[in-house]
Each structure stands twice: as structure tokens, then as C-alpha cells.
There are 2 protein chains.
Amino acid sequence: MQNETWQPPSVLLTVDLVILTLRSSALHVLLIERGIDPYKGELALPGGFIADAGEDVFDAACRELREEANLDATELHLEQLGAYGTPGRDPRGRIVSVAYLAIAPGLPEPEAGTDASAASWLPVEEFSQGRRQLAFDHRQILDDGLERARSKIEHTSLAAAFCDESFTIAELQRVYEAVWGFELDPRNFYRKVQAVPNFLAPVVPDRRITKGRPARLFRTGPQQILRPPMMRPLPPTQSEDEE
Amino acid sequence: MQNETWQPPSVLLTVDLVILTLRSSALHVLLIERGIDPYKGELALPGGFIADAGEDVFDAACRELREEANLDATELHLEQLGAYGTPGRDPRGRIVSVAYLAIAPGLPEPEAGTDASAASWLPVEEFSQGRRQLAFDHRQILDDGLERARSKIEHTSLAAAFCDESFTIAELQRVYEAVWGFELDPRNFYRKVQAVPNFLAPVVPDRRITKGRPARLFRTGPQQILRPPMMRPLPPTQSEDEE
DNA sequence: TCAAAAGTGTTGATCGTACACCCATGA
DNA sequence: TCATGGGTGTACGATCAACACTTTTGA
């Protein structure tokens, strides 16, 4: 236990964002090329220091979302991933980062001439087997964010956050396939999602023009928790050795 | 964007612990009665400031576990819940807390005469419907920890962390029943857990003396992810209104 | 009328649940 | 030999994967 003159040490606080979206049926993450040291020129997650001692951490994540990605936090899903506080993770000193996961519908390229101009969408597939590195411990944060997304679309309605407000069941299926990296049977998927009570609510009018028969449109219903869950097929398991 | 003389603000960092265990087949959480202001005399989660600017946040959680609860972090499950950083959550100033969830096998009462003497195990049931309050935002942290535990025992082997190194299937069942608040059929539970490949491994010798037929002993196998998952029965859902 | 995508029916295997029943031990 | 808890068999309904098939549109 500390004596009475002991003062607790202070740390610097940053937020980092794993922003995911679907582009051309592939999962992408928004990354920036760092313009300053440390890690100048390397890829990193968007983020930054909290603005002042009174700023809420969640508000800081919303602000960075706006400043670095031109995205409005009220229009997308934003949840905390966790705190990353290992000493030495940032060469500038003791910096603890609170990471957030954001999920956005398909979006245009970040506009040049804005603060977001250094940002670009990269396919997550390029980072999947350690093929490409990121600054700081951002590789770990990205992996944690991906696993969170993969896991949460199983038993929550999170997958709809990748879609526009109204969407077809085929569009929703493309989300699951991109995030999980598995192909799914469209006929079974169609019935499975509709069988979950209050997950999807039909939207009557404005159907879109496609090639074949037009699809029905849906929006998310009140049910956030999926029962039964959408179970992802297991990857090739080689543990078939029980009797 | 900030100008060049701007300096990022610093914050104070604490860790808080949600320590769960099973006592007499009921889920309990370790709480301390605060000896100093703020919230003097009220119940709070064990925790405290990081010791110095170089201490890892996880290590700080291990240290508090030892100091405040007399528990050894190497012998129990410890995982991060998340960061709690709303301004005003602590009247002493801008304090960000990183919360951890710890799960321990059944343990004796904290010893008097130690730093942990102000700590005691309380049944979580007393806090379940806002019946009793906690200091700071610890009520929220406790709720998040409970939901994490309830959710994780569904699809991971976390439930075994509530048991000793070797345990019977009936003991494991009591964990599920206490954490979920549901009674389960012992016969079906028995086969269900054994059907998960590599979840449980038999332990041959030393069986315990009980009333009836002695039960087989098991320890956890290498499989951390449960496939298929143990699904908790749904609470009385009143949304049976689809056609 | 053809291609393409949406949506439906059906079937056999698997899984979950309920519960009857048998087994091994201490008292 | 009885009470007690451990463990097995089985049957029925629900769910799932696979895939043949019909529907609705644009071209």
C-alpha cells in the first residue's frame, strides 16, 4: 500500500478505430499512411489523442471518425473493443489506447483535400496471414476487431450495419460471406434469416433494378439478439480422433 | 487538428476487478467496503491506481488481485472487460478505469488481518434487479462482467475456470446453472458436454466420496472453443407473434 | 423466350429434449 | 436393501444441409 504523499502516475490517452466496410463484396478496413514519426510512412489505424481532459472517450472516437474518415458516428455502428496499455507499445512514452470497432455501409473513396485524404480502404485479406504489417500494435487491434465482427454477426443483428437502411437478403448474405470467408447456400440463408423472429422487417415500396427477379427489401427489426444464431460453418477441423 | 505547441492531456489510470466464484452453488462476486472517500462505507469492486508509469495494465490487475483479494493470477482466469472513461465517473478527477473479469474456483472467506480483510463475497443475486447499489459506475461494470461470463460459457470452456483442476460433470453443471440461473437436465447435460470433442479429458485416479455412485473426474482438454456451443435456454420470450 | 436472380418444396441426417431405466456406492 | 446420485437407451419433434424446382423480372 502506498504512503500518503504518493501520487498516482498519469498516462496519455488515445483512441484508435477499426473501421470496416464492404466494397465489391470484400471486407475492407480504413487505414491511414502516417505523415509523421513514429512509424512515418507506414500504415496505421485512424485515431489520435483525446482533445482535452474533459472529453469522453466515446466522444473522442466519434470525433476521430469525423476528422479522419469523414464519417458520421450517428449513422454507423460504433462499439468499444478494449484498452491496449502495454508499456512500450508507443515509442513516444506511456500511451494507453482505447480501441473502437466501427462498421459502415459501402462508401465512396475518402475525398482528397480533406483530413481524410491520407486514408484509404484496404482489403483485410491483405493482412490476414501476417502478409502486411501495421504501425504500433495496430495489427493486434485489427485482428481483435475482425474476430469481434466475425463473432458478433453470429448472434446479433450486427451484419445489417454493413448494409444501407433497406437491403435485400442477398445483400445481407454477401456480408456474412465476406466477414466469414465462407460461401453460403442462398436458399437456406434466405429462410434462415427470415425464421429469426423480429430480425428483419419488410419494407414495401421502392424495389431496385437488378438483372433477374427483383428482391424484396427489408430493414432491421427490433430484435438485436438472434435466436437461433447464424452459425458459421467450421473451418476444416482435423480433430476427428475421438471414439 | 492541433497546433504544434499543443500537448495531449493526461489522465489517471485505475484497474477494477469483477471477481466471480461459486459458493454453495450460487454465483458470488468479491466486493470491498470502501474505507476512504469518495463513497466511504459503500461497496465497490476491488481495484486501484496503477503503481507507476511503467506498470503494464494487465500486471496491475494481477497485483490488485493479490493485494485486495489474496488471489494468485496464475491460478485463475483473467481477461479484460474494457475501459470506462466517462468524465465525472470519479469525483476526484479524470480517471479512466480498465476493468477485468476474474473467475476463480470456490474459495474460503478472505482472511482477516490482510489487505483483503475488508473484502467479502456477496451473492450476485442481490444486485440483479438494481436492488443494491455500488460505488462509482461499478454497477455497470459488474453487469458487463456478468453478461460476459454468461455469454462466454456458452461457446468457450470458461465454465471450467469456476471448478478445481479436476471436477465432475455434475459440478460443471452447477456452474452453468448458477451463472445462467436455469436448471438443466443432468442426463442431457452429461452427454452434451462429453459430445464436444476435446473439451473434457478423463482423469483416472482419486475419485471423491459422495452419497451415491462415485462420479468420473475430468479436467479441461485442449479445446477452448465449444462446437457445438452449450446454448442457454431462452428466457420467457413473449414475442410469439409471427405467422 | 432466354438468362438471371428470387423464392419454395422436399428429403434424409442430425440435434435437442424429455423421460424411462439401469448402475454403483454408502449407510 | 434402500436411498442417492451417476450414467445409458430411446423416441419424437425441431432443425439443418443439399438440391430440384418454380416464379418474376430485364433484355
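The sequence lines fix the lettering, A, B, ..., with proteins before strands; numbering per chain opens at 1.
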Return the 5'-most residue of the pair Arg174(B), Pro229(A) with respect to DNA chain D, ranking by each residue's nearest nucleotide. Arg174(B)
Nearest-neighbour nucleotide for the Ala215(A) side chain, dA6(C), dC16(D), dA18(C) considered: dA6(C)
Of the candidate nucleotides dG7(D), dT8(C), dT24(D), which contains the atom at the shortest distance from the side chain of Tyr190(A)? dT8(C)
I'd like to check the salt bridge (Lys or Arg N to Asp or Glu O under 4.0 Å) partners of Arg132(A); sequence neighbours left out, ordered by chain and number. Glu126(A)
From C-beta outward on Arg213(A), which listed nucleotide comes closest to its side chain: dT23(D), dC19(C), dC19(D)? dT23(D)
Partners of Thr220(A) by side chain to side chain contact (heavy atoms under 4.5 Å, CB included), sequence neighbours excluded? Ala160(A), Phe167(A)
Residues that Arg174(A) engages under salt bridge (Lys or Arg N to Asp or Glu O under 4.0 Å), provided they are two or more places apart: none
Applying ring-ring contact (aromatic ring centres under 6.0 Å, His included) as the test, list every pair that has at least one member in residues 128-152 of chain B; sequence neighbours left out. Tyr39(B)-Phe136(B), Phe136(B)-His138(B)
Can you tell which of dG16(C), dC19(D), dG7(D) lies closest to the side chain of Arg216(B)? dG7(D)
Tell me the bend of the helix from dT1(C)-dA27(D) to dA27(C)-dT1(D) as the angle between end helix axes, each from five pairs, rounded to the nearest 10 degrees. 0°
For nucleotides 9-15 of chain C, list the nitrogen or oxygen atoms of the protein found under 3.5 Å from its nitrogen or oxygen atoms, one pair per line.
unit_1 : atom_1 : unit_2    : atom_2 : d
dG9(C) : N7     : Arg191(A) : NH1    : 2.9
dG9(C) : O6     : Arg191(A) : NH1    : 3.3
dG9(C) : O6     : Arg191(A) : NH2    : 2.6

Contacts of Pro229(B) meeting side chain to side chain contact (heavy atoms under 4.5 Å, CB included) (sequence neighbours excluded), chain-then-number -> Met231(A), His155(B), Met231(B)
Provide the full list of salt bridge (Lys or Arg N to Asp or Glu O under 4.0 Å) pairs with a residue in residues 186-200 of chain B, sequence neighbours left out, each pair given once. Asp185(B)-Arg187(B)
Using the test side chain to side chain contact (heavy atoms under 4.5 Å, CB included), find all partners of Gln80(A) that sit at least two apart in sequence or belong to another chain. Val98(A), Tyr100(A), Ala83(B)
In whole Å, what is the span from the CD1 atom of Ile169(A) to the C1' atom of dT24(D)? 16 Å
Please state whether the phosphate of dT17(C), meaning OP1 or OP2, lies under 4.0 angstrom from any side-chain nitrogen or oxygen of Lys192(B). yes
Whole angstroms only, please: what is the CE-P distance between Met231(B) and dA14(D)? 15 Å
Charged N to carboxylate O below 4.0 Å: is that the case for Asp59(A) and Arg63(A)? no
